[in-house]
Structures are given as structure tokens and as C-alpha cells.
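Everything numeric in this text was worked out from a predicted model, so none of it was measured.
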Amino acid sequence: MNTKIPQQEIIPLRTDLAALGNRINAETRNAHNKIDKMMTLKFALALRDPKIYRQGIQMYYHIFSAIEDSLDRELAKETPWTSILKQVYKPTIRRSERLYKDLLFYYDNDPKKFAEPIMPEQIRFIRHIKESTAEKPYLLLAYMHVMYLALFAGGRIFRSKLAKAVGLFPQVVGKTTEEISLEATNFFRFECEDEDAFRIVYKRDYELATRNNLTETEKQEIIKESQLVFEENATCVKEIESHNLRRLQEKVLYKVATKGYYVVLAVLIMLAVFLLKTIASRLLL
């Protein structure tokens, strides 16, 4: 369903240089373009390997859980920041519960397999999210802009690519490929009538909540945190890549080592046979 929103109700305008969302976009444009290219490439590679894709959504499960746990913590309070966060926050944006469903599908309904992050950079970033937003709750506005708007923009694209992926989803008896795809791609779907309209309303409420209720120093800190969000996302993605590269190298080295052992053993056997034949021939002379 497409909901037409009058142009005059769409705020902020892209030309509004004072809007915090526009300022974040301007200050993070280079980082955004860099990680966008990297994510497009890594996502294409992940679609060919279920294990890598699973590691990726597990990473985002822990990151979004940290963000949403921190949001819940602050929304339950009565502070100057609570009203600002409440104006922006909408239950529809939540991703941790949807990622949990996806991971249950990939891990055979065993939540113990993904209960805690195990990669060092992920653990460090998650600790930073919790600690920095506990000290300065308004920094959650950086995550509410960068992390969720990125999914609004790219969710449909990723859903389309996932639907075309061959061999990514395990086969389930009695279910069609479409049914399996729906069970495994909750992360990229928003439960609303019109995603475009929802995105417009989200950006509008973000601007109305932040324009006059934050000091310039606080806005600068949010922009700086937004830049860090991009950097940390890139670091965590590269960590998964390095992890899998090490595993591949270890596997190759193991194969080389074991095959090398058998090659040496075969050469020794051939040498022994040659020596025995030589000795036997001389004894017959």
C-alpha cells in the first residue's frame, strides 16, 4: 500500500542545512559511501556461503540488541532525554527480535549457539554502545539515525537479492522456497503498511524532536558518534572477513601438511622398494 504524503509535510528538506539528520549525512558521506561499497561486495559474497551470512546477521543481532537494550533503559526513565527519544522511537524499528527469529532458523532453534558475541571487535563495540549511551543518553540519536535509516534504504534491495540467492537457505520438509525465505529474512522487513511513508514520518519526527531540544555541543557529539558508528560497522565486517580468511588458511595449511606427509611417505616407500630391488638383484649375481 502506498500512502501519499503531501510535499509540505515532508521534513526536513534536503536543503535544510540546520537539520541534524542532514548534518549527519553530510559529515558521514565519505564513510557512508565507503562502507556502502564494502557492504555490497561482502553481502554478495555472503550470499554464496550460509556460514558467512549467518555470522553477519549474528553480528547485527548483538549490535541491535545493545542499541535496543539501551533504548529500553532510557525510555523507562524520566530524564530530559526521555521525551526526545520517545518522540523518535517507534516499536516497528526494532530489529533484535526479528534477528533472533532469523538466527533460530539458521541455528536449528538453538539460541545457545548465538547467545553471546565471541569476536573481540564486536564485544568492544557493544560495550562502547552500552557505556557511552549510559553516560550520554542523547548519543542514542546517532544510532537511531544511522542504523535504522540504513535499513530503510537498503532493506528492500537486500530482500530482493536474498530471494534470488541459490543454496543460502536450508531445505525444510513441507515448506516452499518462498515460505523458507520469509522465515529467514525477518531482519530486512518492517511491519508497516508503507515503508516509504514510515521512513518519511520517522525522519520528520527525528527532526522535530532534535531541532530545538539539543545544544550545539550535543549535536556535535551526536555527529561524531555517527561517524564512529560507520567506522565500527566497517571494523566488525572486516573482522568477520579476517576470521574466515584465517579459517581458510588453516584449512589449506592442514591439507598441505597432511598431503605433504603422505607425499613424503610415498617417496620413502618407493625409495625402500628401489633399494630392496637393488639389494635383491645383487644377491642373485
Pairing residues for Tyr148 by the ring pair (Phe, Tyr, Trp, His ring centres under 6.0 Å) criterion, not counting sequence neighbours: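 In terms of ring pair (Phe, Tyr, Trp, His ring centres under 6.0 Å), with neighbours along the sequence ignored, Tyr148 is linked to Phe64.
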
Test ring pair (Phe, Tyr, Trp, His ring centres under 6.0 Å) applied to His145 - qualifying residues, sequence neighbours left out: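 With sequence neighbours excluded, His145 shows a ring pair (Phe, Tyr, Trp, His ring centres under 6.0 Å) to Tyr206, given in chain and number order.
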
For [X], check side chain to side chain contact (heavy atoms under 4.5 Å, CB included) against everything at least two apart and list the hits.
| X | value |
| --- | --- |
| Ser181 | Phe169, Thr185 |
| Ser242 | Arg246 |
| Glu216 | Arg23, Lys219, Gln220 |
| Ala209 | Ile84, Gln87, Val88 |

Is the shortest heavy-atom distance from the side chain of [X] to the side chain of [Y] under 4.5 Å?
| X | Y | result |
| --- | --- | --- |
| His128 | Glu225 | yes |
| Asn233 | Val237 | no |
| Leu141 | Trp81 | no |
| Ile129 | Glu232 | no |
| Ile223 | Leu20 | yes |

Under the side chain to side chain donor-acceptor pair (under 3.5 Å) rule, what pairs show up with a residue in residues 12-22, not counting sequence neighbours?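 Checked against side chain to side chain donor-acceptor pair (under 3.5 Å) - neighbours excluded - the pairs reaching residues 12-22 are Asp16-Arg211.
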
To the nearest 0.5 Å, how far apart are [atom1] in [X] and [atom2] in [Y]?
| X | Y | atom1 | atom2 | answer |
| --- | --- | --- | --- | --- |
| Asp194 | Ile200 | CG | CD1 | 8.0 Å |
| Leu139 | Ser226 | CG | OG | 9.0 Å |
| Cys236 | Glu241 | SG | CD | 13.0 Å |
| Phe114 | Leu103 | CZ | CG | 5.0 Å |
| His243 | Ile52 | NE2 | CD1 | 9.5 Å |
| Asn186 | Asp102 | CG | CG | 4.5 Å |

According to side-chain hydrogen bond (donor to acceptor under 3.5 Å, both in side chains), who are the partners of [X], at least two apart in sequence or on a separate chain?
| X | result |
| --- | --- |
| Tyr138 | Glu221 |
| Ser65 | none |
| Arg98 | Glu191 |
| Lys130 | none |

For Tyr89, the option from Glu68, Met144, Glu74 that meets side-chain contact (heavy atoms from CB on, under 4.5 Å):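 That would be Met144.
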
Flag yes if more than 12 heavy atoms outside Lys77 fall under 6.0 Å of its NZ atom; otherwise flag no.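 Yes, NZ of Lys77 has more than 12 neighbouring heavy atoms, counting only those of other groups under 6.0 Å.
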
Over 12 foreign heavy atoms within 6.0 Å of NZ, Lys90: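 Atom NZ in Lys90 is packed in, count exceeds 12.
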
Looking at every non-hydrogen atom in both residues, tell me the closest pair between [X] and [Y] and how far apart they are.
| X | Y | result |
| --- | --- | --- |
| Ile240 | Asn244 | O-ND2, 2.8 Å |
| Ala184 | Tyr53 | O-OH, 4.2 Å |
| Pro117 | Ile123 | O-CD1, 3.6 Å |

From CA spacing to verdict: side chain to side chain contact (heavy atoms under 4.5 Å, CB included), Gln122, Ile63: CA-CA 8 Å; Gln122 287 181 34; Ile63 291 172; 5.7 Å; no

Any donor-acceptor pair under 3.5 Å linking the side chain of [X] with the backbone of [Y]?
| X | Y | result |
| --- | --- | --- |
| Arg189 | Leu182 | yes |
| Glu218 | Thr215 | yes |
| Glu207 | Pro12 | no |

Does Phe190 have Arg95 sitting over its ring (NZ/CZ under 6.0 Å from centre, angle to axis within 45°)?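 Pair Arg95/Phe190 counts as cation-pi.
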
Between Phe152 and Asp196, is the side chain to side chain contact (heavy atoms under 4.5 Å, CB included) condition met? List the steps. CA-CA 8 Å; Phe152 286 136; Asp196 289 329; over 6 Å; no

Distance-only polar pair, side chains of Tyr106 and Gln58, donor-acceptor under 3.5 Å: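 Side chains of Tyr106 and Gln58: no pair found under 3.5 Å.
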
Apply salt bridge (Lys or Arg N to Asp or Glu O under 4.0 Å) to the pair Lys112 and Asp110, showing each step before the final yes or no. CA-CA 6 Å; Lys112 295 192 295 296; Asp110 187 354; 3.3 Å; yes

Working for side chain to side chain contact (heavy atoms under 4.5 Å, CB included), residues Thr133 and Arg73: CA-CA 10 Å; Thr133 60; Arg73 179 196 66 221; 3.1 Å; yes

Centres of the Phe158 and Phe187 rings: under 6.0 Å?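 Not close enough - the centres of the two rings lie 6.0 Å or further apart.
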
Sequence neighbours excluded and cut-off under 3.5 Å, please list the side-chain donor-acceptor pairs for residues 27-34, or say none.
from: Thr28; atom 1: OG1; to: Ile24; atom 2: O; distance (Å): 2.6
from: Asn33; atom 1: ND2; to: Arg29; atom 2: O; distance (Å): 3.3

Connected via hydrophobic side-chain network under 4.5 Å: Leu75 and Ile67: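 Yes, because Leu75 and Ile67 connect within a single hydrophobic cluster, where side-chain heavy atoms sit under 4.5 Å apart.
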
Does the plane of the ring in Phe125 sit parallel, tilted or perpendicular to the ring in Tyr143? Use 30° and 60° as the thresholds.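 Taking Tyr143 first and then Phe125, their aromatic rings sit tilted (interplane angle of 30° to 60°).
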
